[in-house]
Each structure stands twice: as structure tokens, then as C-alpha cells.
Amino acid sequence: MTSETYTNPVLNADWSDPDVVRVGDDFYLTASSFGRAPGLPLLHSRDLVHWTLIGHALERLEPAAEFRSPRHDCGVWAPSLRHHDDRFWIFWGDPDQGIFQVNAPQIRGPWSRPHLVKEGKGLIDPCPLWDDETGEAYLVHAWAKSRAGVKNRLTGHRMHPEGTAVLDEGKVIVDGDRIPGWFTLEGPKLYRHDGWFWILAPAGGVETGWQGAFRARDFFGPYEERIVLEQKDTEVNGPHQGGWVRTRSGEDWFLHFQQRGAYGRVVHLQPMRWGASGSVAGWPVIGDEGAPVLEHRRPDLPAGPPAAPATDDDFPGGRFGRQWSWTANPHDGLATQHSADGLRLTCVRTADAHDLRRLPSVLTQRLPGLPSAVEVELELHSEEPGARAGLAVLGDAFGWIGLQRGTDGAVHLVHRFAEAVAERERDAAHPRLAPRGRARLRIEIGTGARCRFAYDTGDGLRYSGPVFAATPWRWVGALLGLFALAPPGTGHAGAAAFGEFRINPLRPL
């Protein structure tokens with residue numbers, strides 16, 4: 001990479017199902033957040049290469065009671081971000097409830113509460129369009145077979161101009177079953193360009209699929225189709241599902257994801273142009289003649305300083321940064337305690353302490369996409385036998401290292417894990433005394449998301465247990481997590497203090 005080029009991925013972590021919009025000289029991006037809260041992350045860039053996390057559009061999922069406990073693969077699926085009538089709009093599908101939207105006068109809010117636009121099971125990946133040429137408003141969405149019994153089709157509606165409801169029963173405007181070789185058509189993004197209605201939509205599945213383009217003179221069709229981005233002979237598997245954006249100077253770019261197992265769905269930036277002649281005339285040409293690029297000339301935009309969504313945190317004033325989210329809606333049991341230095345998490349009483357996957361009280365952020373060392377300082381301030389706190393790698397399987405108060409009154413360094421099929425954790429190494437009640441915890445994440453756990457209780461860094469391979473959930477990449485727990489009972493169970501959370505580059509294991 002040189003000062004004139006960039007290298008993919010531009011967002012090397014799980015920013016799943018990205019969509020993008022330009023307003024003036026600013027670019028904004030949102031992504032799926034599934035069952036975590038806050039949700040609908042909001043990222044900002046001036047050059048399409050360097051992005052920062054500036055907030056969230058969804059404080060908590062609704063109905064709130066449905067997300068009081070973790071539902072890791074549910075919630076916010078594949079949002080669309082638009083700017084219309086001097087407002088920002090985000091539409092998303094909850095596969096169990098229907099299509100929601102929120103809107104705000106400014107990207108930083110205040111955002112409205114979620115509004116249910118269309119109720120129903122299996123309604124996913126919605127995208128609105130306000131057509132300036134006709135004054136009409138439209139909505140397109142896909143289907144989740146797990147809830148609706150059908151997939152591989154796109155349904156279109158006329159929509160109320162205020163984005164509050166659909167105005168008809170809907171019509172299947174693209175049926176993937178009628179296109180030879182196409183399957184799992186989903187993730188549509190709807191646009192108007194050059195007198196055509198355009199739908200950019202992926203098919204073929206997240207790991208092996210491709211990006212399609214559809215066009216029609218009338219919103220309800222008929223549509224013709226073309227594959228406009230696919231893996232070809234590159235190492236970028238399943239390059240698809242994302243958004244098209246045009247710079248002020250007229251350059252076209254496409255942001256999409258690549259599925260990378262435990263790392264989740266990382267985001268690539270592809271050049272895009274509109275074909276001028278031959279078989280591609282009038283069609284979008286993405287990447288290097290339809291193949292994803294690894295390195296490319298930067299967009300013709302003022303280069304910004306190197307930037308990426310924050311990961312490190314000193315927890316100033318006892319508060320955590322925007323990069324963190326809970327595994328469910330926050331409630332009284334998830335309280336943090338403000339302090340001058342560091343983050344104090346209340347030891348939440350629970351009967352499920354043996355399985356971190358069940359708990360809403362895990363504070364998480366995305367697994368880094370490059371080999372990294374994760375470190376955090378921990379002190380356990382609880383006299384409750386069985387109280388524990390630690391640093392975790394959380395997915396369909398999980399592992400953690402931390403401190404636990406024993407029945408003997410001493411604090412022990414413990415390291416535990418659970419396989420994907422296991423219902424409870426077990427020891428990954430023999431417990432050891434932590435006489436000062438504090439430890440520096442470390443997880444080294446190597447190639448293939450292989451994790452090596454380590455600790456320092458005052459006499460130097462020591463490795464613990466075998467290497468643990470991080471795993472994703474079905475749709476969500478693995479997460480890093482902080483937690484503090486206590487056995488069931490009454491009264492305050494104390495707290496754990498976390499400080500100086502750091503993620504630094506690491507040579508591959």
C-alpha cells in the first residue's frame with residue numbers, strides 16, 4: 001500500500017451487512033447488530049477508507065422484554081441507511097417481528113423509537129426508495145426461509161411517503177427460482193439511476209456467493225439481471241451484500257462484506273463504474289472487471305488521517321466507550337458503577353454463571369481481524385464465594401480467563417471454556433492462587449482466530465491451557481467480552497474493576 005492506494009478490507013472486523021450513504025462531503029455507514037444493545041452502529045468517513053464509530057441509532061431493541069436475555073442471531077438484520085427530506089432513515093428486518101425504521105434530523109440523533117412498518121415473520125433486508133422523479137415511495141425486502149418458509153425472492157411495495165407503512169399487499173418483483181443457477185437471493189438495495197430502477201442484491205450464500213444487479217423501467221418489473229461481482233481467482237470468498245455510493249465529484253464506489261468465519265463479515269471497498277459499451281453497456285462494473293480488488297487507487301477525496309473504530313479503552317469516569325455493547329437489552333442487573341478510574345461492573349447474581357452464552361451481562365466488542373494481543377487489568381472486589389470476573393472470547397463456543405473467589409476465601413486465577421455442544425463450562429487449566437486479588441489478563445489471537453490465554457498475577461506473564469479456536473455464532477462473528485458474576489442469592493455481591501483495556505498487533509502464532 002502507498003499513500004495513493006488503499007488495501008482491503010477497509011474495516012477488518014465484523015461490520016456485517018454494511019450500507020452507506022453520502023451527505024455533503026461526509027459518508028456514513030451502518031451494519032447489522034443482531035441482539036446486542038445498543039444497536040445499529042453509526043460510522044463516519046471523509047475518504048471511504050478510514051472510518052470511525054460515532055454512535056448508535058438504537059438504544060435498545062423492542063419489544064424490550066423479548067431481548068432481556070441474549071438472542072445472538074436475532075434482532076437487527078441487514079439495515080439500509082438513507083437520507084431523505086433532511087432526515088436520516090434506517091430500515092431493518094427483525095425476522096421474528098417484521099420491518100422497522102428509525103429516523104433522525106442528524107446522524108448523531110436524537111433517533112426516533114423503532115416504528116413497525118410491516119409486521120410479519122421472515123421479513124428481512126428491507127430498503128426504501130423515495131423516487132424524486134415520480135414522488136412515489138417504495139420498499140423492497142427479502143425473505144428468511146427459517147421463519148417464512150420461502151426464500152430466494154424479493155417483494156416490492158408502495159410505501160407511505162413518511163415511511164410509516166406499506167400501501168399494498170406487495171408483489172414478488174424478482175423470483176430467484178426462475179433464474180437458472182441462482183439461490184438465496186437476499187440483501188436488496190434499491191436505487192434510481194439513468195431512468196432505471198436498480199436493485200443491487202447478493203445471492204449464492206454468504207461464504208460462496210456473488211453480487212447481482214437487477215434493472216427495470218417500472219418498479220414492479222420485469223427485471224433483467226446480471227452478476228456484477230464474484231470471487232473469480234481471488235481469495236475474497238462470497239463478495240457481496242453492500243451499498244453503492246457516489247462521491248461529490250462523480251466517482252462510484254461499492255462497499256460490501258466478506259465472510260471470514262470467527263472474524264465475522266469484514267468490509268471491502270470496490271471501485272465501481274457504469275459500462276459504456278459492449279455487453280456491459282449501462283450496467284455497473286464493480287472491482288477489477290467484476291473481481292474484487294485487494295489494493296487500489298484511493299477515492300479522489302481529501303485523504304484523512306489514519307483512523308479506525310476505537311478498540312482500546314481506559315474507561316474514564318467509569319464509563320465504557322462506544323465500541324462496547326451488551327449481549328441483550330441493558331437493565332438494572334447490568335449496572336456499572338461510576339468511578340474515578342476504570343470500569344466497575346456489578347457482580348450480577350445468576351444461576352447461569354456456568355454458561356456465558358446465556359447471560360445479558362457480558363460487555364462485548366468485535367474480534368479484531370488481524371493477529372492481536374488483548375489485555376486488561378482486573379481486580380475482584382467481592383467476598384462472595386463463587387463470584388468471578390474475567391475476559392472472554394464468546395461465540396458458539398467460548399473461553400475465558402479471570403478471577404474467582406473460592407470457598408476458602410482466597411481469590412483464584414481460573415481459565416475455563418465450553419465447546420459449542422456443551423451446556424456448561426469446564427476448566428481449561430488448573431486454578432491457581434491470585435494472592436493480591438488482581439491480575440493482568442491476556443488473550444493472543446493468532447491466524448485462524450486461534451486464541452492463547454495468559455495471565456500475570458505479579459510474578460510475570462504465564463500461559464494457560466491449550467490453544468482455543470474462536471467460533472462464530474450462526475450469523476455473528478466471535479466477540480471479546482468482559483463480565484462480573486455471582487451465584488444466586490440476596491444482597492449486593494460486590495463488583496469487579498477493569499482498567500486499561502488494550503488491543504495491540506501480534507505476530508501470527
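Just so we're clear, the structure is a prediction, and the values are computed from it rather than from any experiment. Keep in mind that the numbers below use all heavy atoms, side chains included, and drop hydrogens, waters and symmetry copies. Residue numbers count from 1 along this sequence.
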**Study point:** Leu81/Val20 under side-chain contact (heavy atoms from CB on, under 4.5 Å): CA gap, chis, key distance, verdict
**Key:** CA-CA 6 Å; Leu81 173 62; Val20 63; over 6 Å; no
Exercise for review: Test side-chain contact (heavy atoms from CB on, under 4.5 Å) on Phe257 and Val206 and set out the steps.
Suggested key: CA-CA 9 Å; Phe257 77 72; Val206 297; 3.8 Å; yes
Practice item. With side-chain contact (heavy atoms from CB on, under 4.5 Å) as the test, would you mind laying out the steps for Ile90 and Leu42 before giving the verdict? Key: CA-CA 11 Å; Ile90 301 179; Leu42 301 169; 3.9 Å; yes
Practice item. Go through the steps to decide whether Trp51 and Leu29 satisfy the test side-chain contact (heavy atoms from CB on, under 4.5 Å), and finish with yes or no. Key: CA-CA 9 Å; Trp51 295 85; Leu29 181 147; 3.6 Å; yes
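For Phe197 and Tyr138, the ring centers sit closer than 6.0 Å to each other. Tyr191 and Trp274 have their aromatic ring centers separated by at least 6.0 angstrom. The distance between the ring centers of Phe100 and Trp92 falls below 6.0 angstrom. His268 and His256 have their aromatic ring centers within a separation under 6.0 angstrom.
Side chains of Phe27 and Asp47 form no contact here, defined as non-hydrogen atoms less than 4.5 Å apart. When side chains are defined from C-beta on, Leu343 does not count as touching Trp324, because their heavy atoms never get closer than 4.5 Å. Using a 4.5 Å heavy-atom cutoff, the side chains of Pro505 and Leu370 are not in contact. A heavy-atom distance below 4.5 Å is found between the side chains of Trp473 and Leu394. The closest side-chain heavy-atom distance from Leu40 to Pro79 is below 4.5 Å. The closest side-chain heavy-atom distance from Arg358 to Ser69 is not below 4.5 Å. Side-chain contact between Trp130 and Asp85 is absent, with no heavy atoms from C-beta onward closer than 4.5 Å. Val293 is listed as a side-chain neighbour of Asn8, based on a closest heavy-atom distance under 4.5 Å.
The closest donor-acceptor contact from the side chain of Gln101 to the backbone of Gly163 lies under 3.5 Å. Gln323 places a side-chain N or O within 3.5 Å of a backbone atom of Thr311 that can act as its donor or acceptor partner. Proximity of a side-chain donor or acceptor of Arg22 to a complementary backbone N or O of Arg246 within less than 3.5 Å is detected. No side-chain donor-acceptor contact under 3.5 Å links Lys151 to the backbone of Glu186. Counting only distance, with no hydrogens or angles, the side chain of Thr155 and the backbone of His141 share no donor-acceptor pair below 3.5 Å. In this structure, the side chain of Ser80 does not engage the main chain of Phe91 through any donor-acceptor pair within 3.5 Å. Between the Ser372 side chain and the Leu506 main chain, no donor and acceptor come within less than 3.5 Å of each other. Judged by distance alone, the side chain of Arg68 and the main-chain N or O of Asn329 form no donor-acceptor pair under 3.5 Å. Counting only distance, with no hydrogens or angles, the side chain of Asp312 and the backbone of Ile503 share a donor-acceptor pair below 3.5 Å.
Of the N and O atoms on the side chains of Asn152 and Trp182, not one donor lies less than 3.5 Å from an acceptor on the other residue. Trp253 and Thr247 share no donor-acceptor pair across their side chains, judged by distance under 3.5 Å alone. Under the 3.5 Å distance criterion, with hydrogens and angles disregarded, no donor-acceptor pair is assigned to the side chains of Ser16 and Asp14.
No cation-pi contact links Arg153 to Trp143, judged by a cut-off of 6.0 Å to the six-membered ring centre and 45° from its axis. Taking the centre and axis of the six-membered ring of Trp326, the NZ or CZ atom of Arg36 falls outside the cone set by 45° and 6.0 Å.
With sequence neighbours excluded, the residues satisfying side chain to side chain donor-acceptor pair (under 3.5 Å) with Asn237 are Gln258. The side chain to side chain contact (heavy atoms under 4.5 Å, CB included) search around Pro38 returns His56, Ser325, not counting sequence neighbours.
Summarising the geometry, atom OG1 belonging to Thr52 is positioned 6.5 Å from atom NE2 belonging to His44; distances are rounded to the nearest 0.5 Å. Remark: Leu479 CG to Thr327 OG1 distance equals 9.0 Å, nearest 0.5 Å. Summarising the geometry, atom CZ belonging to Phe501 is positioned 5.0 Å from atom CG belonging to Leu480; distances are rounded to the nearest 0.5 Å. Note that the CG atom of Leu167 and the CZ atom of Arg158 stand 9.0 Å from one another [nearest 0.5 Å]. Residue His296 holds its NE2 atom at 7.5 Å from CG of Asp288, rounded to the nearest 0.5 Å. Going from atom CG of Leu345 over to atom CG of Leu482 covers 6.5 Å, rounded to the nearest 0.5 Å.
For Arg217, the CZ atom is densely surrounded, since the number of other residues' heavy atoms within 6.0 Å is greater than 12. The 12-atom threshold is exceeded at CD of Glu225, counting heavy atoms of other residues, nucleotides or ligands nearer than 6.0 Å. The environment of Asp168 atom CG is dense: over 12 non-hydrogen atoms of other residues, nucleotides or ligands sit within 6.0 angstrom.
Here the closest non-hydrogen pair linking Pro299 and Leu269 is CG-CD2, 4.1 Å. Listed here is the closest heavy atom pair of Leu61 and Gly35: CD1-O, 3.7 Å. The heavy-atom pair separating Asp17 from Ser32 by the smallest distance is OD2-OG, 2.5 Å. Of all heavy-atom pairs between Ala104 and Gly109, the closest is CB-CA, 4.0 Å. Across every non-hydrogen atom of Gly122 and Ala148, the tightest pair is CA-CB, 4.0 Å. Nearest heavy-atom pair, Ala397 versus Thr471, reported as atom, atom and distance to 0.1 Å: N-OG1, 2.9 Å.
Relative ring orientation between Phe88 and Tyr28 is described as perpendicular, the plane-to-plane angle rising above 60° on a 0-90° scale split at 30° and 60°. Using cut-offs of 30° and 60° for the angle between ring planes, the Trp210 and Phe183 rings count as perpendicular. The aromatic rings of Trp283 and Trp198 sit perpendicular, their planes meeting at an angle over 60°, well past the 30° parallel limit.
In this structure, Arg71 pairs ionically with Asp96, as a charged nitrogen and a carboxylate oxygen lie closer than 4.0 Å. Under the 4.0 Å criterion applied to side-chain N and carboxylate O atoms, Asp25 and Arg248 are assigned as salt-bridge partners. Between Glu224 and Arg215, at least one side-chain N (NZ, or NE/NH1/NH2) sits under 4.0 Å from a carboxylate O, which counts as a salt bridge. In summary, Arg82 and Asp19 engage in a salt bridge, as defined by a charged side-chain N under 4.0 Å from a carboxylate O. Ion pairing of Asp314 with Arg502 is present here, as a side-chain N (NZ or NE/NH1/NH2) and a carboxylate O approach within less than 4.0 Å. The residues Glu207 and Arg265 are annotated as not salt-bridged, no charged nitrogen and carboxylate oxygen being separated by less than 4.0 angstrom.
The salt bridge (Lys or Arg N to Asp or Glu O under 4.0 Å) contacts involving residues 191-200 comprise Asp131-Arg192, Glu133-Arg192, where partners must be two or more places apart or lie in separate chains.
No option in Leu154, Ile199, Ile179, Asp175 other than Ile199 meets the side chain to side chain contact (heavy atoms under 4.5 Å, CB included) test with Tyr223.
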